[in-house]
Amino acid sequence: MPGETLIANAVVTSPDGGRRPAALRVTRGRIVELATGDAATDASAEGVADRVDAGGRLLTPGLIDLHVHGIERWAFEAGPAALQSGLDRLPSYGVTAALPTLYGTLAADQSPQREALATALADCDALYAPGFHLEGPFLKVVGAGALTMTADLEYLDELVSSLDGRVSAVSVSPDADGPITGVIARLASDGVSVFMTHTRAGVKAAEAAIEAGARHATHFYDVFDPPPAPEPGVRAVGAVEAILADPRVTVDFIADGVHVHPTAIRAALAAKGVSGVLAITDANVGAGLEPGRHATPWGYEVEVAESDAARVHRPGDALHATLAGSALTMPQAVSNLRRWLDLPEHAVWSMATRNPAARMGWSRKGRLEVGADADLVLWDETQAGELTAWSTWSAGREVFSRGVAAGSSV
């Protein structure tokens with residue numbers, strides 16, 4: 001049938017922990033047939049306009065990053081051109097859905113910049129990016145340039161309006177000054193996902209935020225400071241414990257081995273189960289680049305080194321060599337999690353595909369099944385388990401292919 005594509009000679013992960021042969025048929029941006037095992041070899045390309053031979057490569061849903069500030073040399077907040085260029089690059093890392101994350105442009109005097117970014121986001125077609133993730137400004141604990149501001153419903157409305165309503169998630173501190181539970185309740189009632197972060201909240205404040213509608217914790221463990229100990233010898237219990245104890249709340253991690261120890265991820269899996277844990281990058285300038293120093297829009301360089309995060313390179317400054325965000329990419333995150341966790345491969349991939357889609361209510365994203373959007377990636381793998389995207393499709397349109405011009409619609 002004209003307009004159809006068949007991806008043949010692929011393999012997919014299996015819930016039993018193994019892999020099996022697969023063939024997948026796409027029509028008008030949706031998966032219309034998925035054959036696995038012996039049935040995959042019988043898949044017919046008769047009448048199909050485009051047949052892709054996967055060459056035995058692994059086929060997965062596209063990766064989803066709910067917390068990402070930039071990639072390579074582009075910081076999304078630097079302006080419309082940087083936002084567009086950065087989002088256009090993400091499919092080369094197998095990412096087919098993302099929430100570009102803003103923090104520095106959330107100040108009151110940055111409204112024109114936000115308006116320009118919202119216009120640019122509306123023109124993005126390389127991947128699914130329905131709105132921004134705002135990391136702040138109603139935060140209690142500073143970090144990595146994020147703003148701290150008293151919770152204010154009127155200013156919340158101004159922020160959302162300046163971004164033309166293109167806000168999908170907002171990160172807040174449960175212990176932010178002002179009426180933070182009112183802000184959380186407003187966002188939740190408007191269908192905006194509320195994440196918790198940058199906090200030293202005690203149990204009471206964290207539980208109040210959850211009851212108001214906060215349902216996720218982002219870059220969990222990082223900037224989740226414990227509250228003061230109530231007295232010597234008594235361990236302080238705060239937001240981390242409240243979040244782990246509530247089954248309604250999911251968590252995500254920067255899985256680079258620097259921001260958080262793998263044991264923390266294992267602890268969250270024990271509390272939440274696989275469906276309650278997500279992978280993010282929190283990436284910024286330097287992510288995906290070779291080791292070295294790289295210029296940023298903020299007037300200093302970041303240094304990327306093997307097996308390390310991005311760090312400020314500003315000799316003579318007190319901040320020199322401190323973390324400057326993450327240099328992680330989503331394929332690296334998945335590779336790390338496959339090494340660290342004693343889980344079936346299928347479950348690890350869900351942390352970067354199905355789970356973030358479920359968190360955001362994107363019912364047709366993050367899965368290989370009939371009726372789902374054809375957001376797909378074929379992967380090359382090294383013997384060490386490192387992953388490189390070979391081809392990426394967004395809603396059935398090839399948006400990246402190594403060595404071949406992309407852009408064909410299926």
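We're numbering straight along the sequence, starting at 1.
Within the structure, no pair that satisfies the salt bridge (charged side-chain N to carboxylate O under 4.0 Å, His left out) test touches residues 95-112, not counting sequence neighbours. The salt bridge (charged side-chain N to carboxylate O under 4.0 Å, His left out) contacts involving residues 198-208 comprise R200-D225, where partners must be two or more places apart or lie in separate chains. Legend: salt bridge (charged side-chain N to carboxylate O under 4.0 Å, His left out) pairs involving residues 160-179, not counting sequence neighbours, sorted by first then second residue: K140-D177, D164-R166. Among pairs with a residue in residues 211-222, those fulfilling salt bridge (charged side-chain N to carboxylate O under 4.0 Å, His left out) read E211-R248, at least two apart in sequence or across chains. Counting only residues at least two apart or in different chains, side-chain hydrogen bond (donor to acceptor under 3.5 Å, both in side chains) contacts with residues 267-281 comprise D65-T281. Legend: side-chain hydrogen bond (donor to acceptor under 3.5 Å, both in side chains) pairs involving residues 227-243, not counting sequence neighbours: none detected.
Across A214 and V249, no two heavy atoms sit closer than the pair O-CG2, 4.3 Å. Pairing each heavy atom of T353 with each of G62, the nearest pair is CG2-O, 3.5 Å. Taking all atoms of both residues into account, the shortest heavy-atom contact from A151 to G178 is CB-C, 4.0 Å. Contact between L378 and A54 at its shortest, heavy atoms only, is CD2-CB, 3.7 Å. Between G182 and L153, the shortest heavy-atom contact is O-CD2, 3.8 Å. Here the closest non-hydrogen pair linking D256 and V260 is OD1-N, 4.4 Å.
For the pair H216 and L278, the minimum side-chain heavy-atom distance is below 4.5 Å. V304 is listed as a side-chain neighbour of H294, based on a closest heavy-atom distance under 4.5 Å. Inter-residue side-chain proximity for F138 and S171 is flagged as unmet; no heavy-atom pair is nearer than 4.5 Å. With a 4.5 Å cut-off on side-chain heavy atoms, T250 and N355 do not count as touching. You'll find the side chain of V312 stays beyond 4.5 Å of the side chain of V302, heavy atoms only. In this structure, R311 and V258 have side chains that are in contact, with non-hydrogen atoms separated by less than 4.5 Å. In this structure, D53 and I7 have side chains that are not in contact, with every pair of non-hydrogen atoms separated by 4.5 Å or more. Contact of the L24 side chain with the L376 side chain is registered, since non-hydrogen atoms from C-beta on lie closer than 4.5 Å.
Shown here are the side chain to side chain contact (heavy atoms under 4.5 Å, CB included) partners of D157, two or more places apart in sequence or in another chain: R186. Every side chain to side chain contact (heavy atoms under 4.5 Å, CB included) that E369 has, sequence neighbours left out, goes to R354, R367, A372. Residues passing the side chain to side chain contact (heavy atoms under 4.5 Å, CB included) test with S14, sequence neighbours excluded: D16, R20. Shown here are the side chain to side chain donor-acceptor pair (under 3.5 Å) partners of T13, two or more places apart in sequence or in another chain: H346. Looking at residues two or more places apart in sequence or on another chain, you find a side chain to side chain contact (heavy atoms under 4.5 Å, CB included) between V223 and V141, H198, H219.
When only modelled atom types and interatomic distance are considered, R266 and T263 share a side-chain donor-acceptor pair under 3.5 Å. A side-chain donor-acceptor contact under 3.5 Å links Q84 and D88.
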**Request:** Starting from the C-alpha separation in whole Å, work towards a yes-or-no answer on side-chain contact (heavy atoms from CB on, under 4.5 Å) for E398 and S391.
**Result:** CA-CA 7 Å; E398 190 177 52; S391 286; 3.5 Å; yes
**Request:** Begin with the C-alpha distance, continue with both residues' side-chain angles, and end with the deciding distance and a verdict on side-chain contact (heavy atoms from CB on, under 4.5 Å) for V167 and L159.
**Result:** CA-CA 9 Å; V167 176; L159 275 176; over 6 Å; no
**Step-by-step salt bridge (Lys or Arg N to Asp or Glu O under 4.0 Å) determination, E386 to R339** = CA-CA 10 Å; E386 299 302 316; R339 289 198 310 272; 3.4 Å; yes
**Asked** What do the steps show when you test W379 against T388 for side chain to side chain donor-acceptor pair (under 3.5 Å), and what is the final call?
**Response** CA-CA 6 Å; W379 297 97; T388 304; over 6 Å; no
**Prompt:** What's the verdict on side-chain contact (heavy atoms from CB on, under 4.5 Å) for I243 and D246, showing C-alpha distance, side-chain angles and the deciding distance?
**Reply:** CA-CA 5 Å; I243 287 164; D246 197 310; over 6 Å; no
**Request:** Verify side-chain contact (heavy atoms from CB on, under 4.5 Å) between I31 and L368, making sure each step is shown before the conclusion.
**Result:** CA-CA 8 Å; I31 300 170; L368 290 183; 4.2 Å; yes
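Judged by a 6.0 Å distance limit and a 45° cone about the ring axis, R57 is positioned over the six-membered ring of W390.
Interatomic distance, CZ of R25 versus CZ of R51, reported as 10.5 Å (0.5 Å rounding). Distance check: S193 OG to L66 CG gives 8.5 Å after rounding to the nearest 0.5 Å. Note: M196 CE to F220 CZ = 8.5 Å, rounded to the nearest 0.5 Å. Note that the CZ atom of F224 and the OG1 atom of T197 stand 4.5 Å from one another [nearest 0.5 Å]. Residue L87 holds its CG atom at 6.0 Å from CG of L90, rounded to the nearest 0.5 Å. Considering OH of Y155 and OG of S161, their distance stands at 11.5 Å, rounded to 0.5 Å.
The salt bridge (charged side-chain N to carboxylate O under 4.0 Å, His left out) with D373 is formed by just one residue from the set R30, R28, R397; it is R30. A side chain to side chain contact (heavy atoms under 4.5 Å, CB included) with P331 holds for exactly one of L387, N336, V377; it is L387.
Looking at T296, its side chain never comes within 3.5 Å of a backbone N or O of E301 through a donor-acceptor pair. Checked by atom type and distance alone, the side chain of R338 never pairs as donor or acceptor with a backbone atom of P344 at under 3.5 Å.
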Would you list the atom pairs, donor with acceptor, under 3.5 Å between side chains in residues 68-79 and any protein atom, with sequence neighbours excluded?
residue	atom	partner	partner atom	Å
H69	ND1	T101	O	3.1
H69	NE2	H67	NE2	3.2
H69	NE2	E135	OE1	3.0
H69	NE2	D282	OD1	3.0
E72	OE1	R89	NE	3.1
E72	OE2	R89	NE	3.3
E72	OE2	R89	NH2	2.8
E72	OE2	Y93	OH	2.5
E77	OE1	G104	N	3.2
E77	OE2	Y103	N	2.8
E77	OE2	G104	N	3.0
E77	OE2	T105	N	2.8
E77	OE2	T105	OG1	2.7

